[in-house]
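Just so you know, these numbers use all the heavy atoms, side chains as well, and skip hydrogens, waters and symmetry mates. The residues of the chain are indexed from 1 along the displayed sequence.
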Amino acid sequence: MKNIIIIDDEIDIGESLATVLETEGYNAQAFANGYVGIEKMKLNKPDLVIVDVMMPKPKGVEVVRLLKEDQTLKNVPIMMMSASKEPEPLSDQKWDVFVRKPFEMEELLESIQKLLV
């Protein structure tokens, strides 16, 4: 079973997404704080991380930077999500897929399946 970590400061969104992913056969956990999520990932390396861009502390791009600096987590695929019309600067893009909120669940699941192949 593939492990997916969701980091979104809107915990209702993260937990709802985790529930949907679990019904699809994934093991999913949601965290509202990026630092806590990263610590959990160090204990149990996930197969995919889904990160919200606009969070108060740390911002999604900071979570991605910390993941890429960690030798054990740097190769984990990352899906970024945002409701913003403009994503964070893409010149330093370090994620694999960008998804705009609101999203269609079928499209999100397709993207997840592609990242986990």
Side-chain angles (χ1 to χ4, degrees):
M1 182 179 297
K2 299 285 186 176
N3 293 314
I4 300 175
I5 296 289
I6 304 156
I7 300 175
D8 192 323
D9 62 316
E10 294 184 48
I11 194 64
D12 292 344
I13 292 174
E15 288 178 352
S16 295
L17 182 53
T19 300
V20 170
L21 292 174
E22 287 178 354
T23 64
E24 294 292 323
Y26 299 106
N27 180 29
Q29 290 182 285
F31 299 97
N33 180 301
Y35 296 125
V36 173
I38 289 170
E39 289 306 310
K40 296 291 184 182
M41 286 183 245
K42 289 178 180 180
L43 298 174
N44 186 17
K45 183 179 172 183
D47 298 294
L48 172 67
V49 180
I50 301 173
V51 182
D52 183 37
V53 171
M54 297 184 347
M55 296 189 294
K57 192 173 181 181
K59 292 186 179 280
V61 292
E62 177 67 7
V63 171
V64 171
R65 185 187 67 74
L66 292 169
L67 288 172
K68 294 301 181 182
E69 289 178 355
D70 187 288
Q71 292 302 308
T72 60
L73 300 172
K74 69 181 184 179
N75 294 320
V76 174
I78 299 171
M79 175 182 285
M80 291 291 282
M81 297 191 314
S82 180
S84 172
K85 295 196 188 299
E86 292 295 322
E88 294 290 316
L90 297 176
S91 59
D92 194 23
Q93 178 182 342
K94 299 208 188 300
W95 52 83
D96 300 284
V97 173
F98 185 87
V99 175
R100 182 133 355 257
K101 292 179 182 176
F103 49 81
E104 294 292 328
M105 190 55 70
E106 285 184 28
E107 291 176 26
L108 183 75
L109 291 172
E110 278 181 29
S111 294
I112 289 171
Q113 289 171 353
K114 288 177 184 174
L115 288 171
L116 293 175
V117 172

Straight-line distance of [X] [atom1] to [Y] [atom2], nearest 0.5 Å:
{"X": "E22", "Y": "N27", "atom1": "CD", "atom2": "CG", "result": "6.5 Å"}
{"X": "D96", "Y": "L115", "atom1": "CG", "atom2": "CG", "result": "5.5 Å"}
{"X": "L21", "Y": "Q29", "atom1": "CG", "atom2": "CD", "result": "12.0 Å"}
{"X": "L108", "Y": "Q113", "atom1": "CG", "atom2": "CD", "result": "10.0 Å"}
{"X": "M80", "Y": "K94", "atom1": "CE", "atom2": "NZ", "result": "12.0 Å"}
{"X": "I112", "Y": "E24", "atom1": "CD1", "atom2": "CD", "result": "9.0 Å"}

Review item, side-chain donor-acceptor pairs of residues 46-57, under 3.5 Å, at least two apart:
| from | atom 1 | to | atom 2 | distance (Å) |
| --- | --- | --- | --- | --- |
| D47 | OD2 | N3 | N | 2.7 |
| D52 | OD1 | K101 | NZ | 3.2 |

**Study point:** Non-neighbouring partners of E110 that pass side chain to side chain contact (heavy atoms under 4.5 Å, CB included), sequence neighbours left out
**Key:**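 For E110 there are no side chain to side chain contact (heavy atoms under 4.5 Å, CB included) partners, ignoring immediate neighbours.
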Distance-only criterion, 3.5 Å: show the donor-acceptor pairs between side-chain atoms of residues 64-79 and protein atoms not counting sequence neighbours.
| from | atom 1 | to | atom 2 | distance (Å) |
| --- | --- | --- | --- | --- |
| R65 | NE | E62 | OE1 | 2.9 |
| R65 | NH1 | E69 | OE1 | 2.8 |
| R65 | NH1 | E69 | OE2 | 2.5 |
| R65 | NH2 | E62 | OE1 | 3.4 |
| R65 | NH2 | E62 | OE2 | 2.4 |
| K68 | NZ | K74 | O | 2.9 |
| D70 | OD1 | T72 | N | 2.9 |
| D70 | OD1 | T72 | OG1 | 2.5 |
| D70 | OD1 | L73 | N | 3.2 |
| Q71 | OE1 | K74 | NZ | 3.1 |

Using the rule that two of Ile, Leu, Val, Met, Phe, Trp, Tyr join whenever any of their side-chain heavy atoms come within less than 4.5 Å, decide whether [X] and [Y] are in one cluster.
{"X": "I5", "Y": "W95", "answer": "yes"}
{"X": "V97", "Y": "I7", "answer": "no"}
{"X": "V20", "Y": "I6", "answer": "yes"}

Tabulate below the donor-acceptor pairs under 3.5 Å that side-chain atoms of residues 9-17 make, not counting sequence neighbours, or state none.
| from | atom 1 | to | atom 2 | distance (Å) |
| --- | --- | --- | --- | --- |
| S16 | OG | D12 | O | 2.8 |

Check your understanding: With clusters built from Ile, Leu, Val, Met, Phe, Trp and Tyr whose side-chain heavy atoms come within less than 4.5 Å, directly or transitively, what are the remaining members of the cluster of L43, listed by chain and number?
Key ->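 Reading the cluster by chain and number, L43 sits alone, since nothing else belongs.
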Going by atom type alone, with no hydrogens or angles, which donor-acceptor pairs under 3.5 Å involve a side-chain atom of residues 31-42 and a protein atom two or more places apart or on another chain?
| from | atom 1 | to | atom 2 | distance (Å) |
| --- | --- | --- | --- | --- |
| N33 | OD1 | Y35 | N | 2.7 |
| N33 | OD1 | V36 | N | 3.1 |

